[in-house]
Trainee: 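Encoded as structure tokens, here's the structure I'll be asking about.
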Amino acid sequence: MPLGIPEAMEEEHEELHQELRYATKMRGRVGAAAKRVAEVLHPHFERENELALPVIGVARELVEGKSSPDFPKALELADKFRTEYEKMLREHVDIVKTLDELEKAAKAAGKQAVIRFTRKLKAHARTEEDLTYPAVLMIGKLLKE
Ligand SMILES: [Fe+2]
Ligand SMILES: [Fe+2]
């Protein structure tokens, strides 16, 4: 696959985005708490879509020993991501804090779909910390060799 966000990962981001948008339109505390999630999440997603996820796009070619004209650009992105890595992790902490508040509000209002959304987004962040982000860093290392 060339440099580009893998389809399933793009869909996952898009789906989370839609679900959050739906929650921001709710009245009262749920809507207000959802808006606070959106404020911290939106710039974070953008940076992931720009710096991290396209690098994953070249992972298969790289590990299968093929070459690609996209490797230099992927290396450039992976290097940029490395400088942002700590900040991205801190943003996850902030995002989870706003999600805890949203989950509380959703529980009080009996909004099951919103409760499920908060858990889904937390799991998404953990997968990135355990798998996606390390993969981007490893791809950067391999591309340097
Ligand atoms: Fe993400
Ligand atoms: Fe993230």
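Indexing begins at 1, ligand by ligand and atom by atom, following the structure's order. Everything quoted here is computed from the prediction, not taken from an experiment.
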Trainee: Please determine if Glu101 and Lys104 form a salt bridge, counting it only when a charged side-chain N lies under 4.0 Å from a carboxylate O.
Mentor: yes
Trainee: Atom CG of Leu121 and atom CG of Leu99: how far apart are they, to the nearest 0.5 Å?
Mentor: 4.5 Å
Trainee: Are there more than 12 heavy atoms of other residues, nucleotides or ligands under 6.0 Å from atom NZ of Lys80?
Mentor: no
Trainee: Among residues at least two apart in sequence or on other chains, which ones pass side chain to side chain donor-acceptor pair (under 3.5 Å) with Lys66?
Mentor: Glu64
Trainee: Thinking salt bridges, do Lys107 and Glu103 make one under a 4.0 Å N-O criterion?
Mentor: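 Glu103 and Lys107: salt-bridged.
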Trainee: Sum up the protein N, O or S atoms located under 2.8 Å from the Fe ion (ligand 1).
Mentor: 4
Trainee: Look at the side-chain heavy atoms of Ile, Leu, Val, Met, Phe, Trp and Tyr, link any pair under 4.5 Å apart, and say whether Val136 and Phe45 land in one connected group.
Mentor: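 Shared cluster, no.
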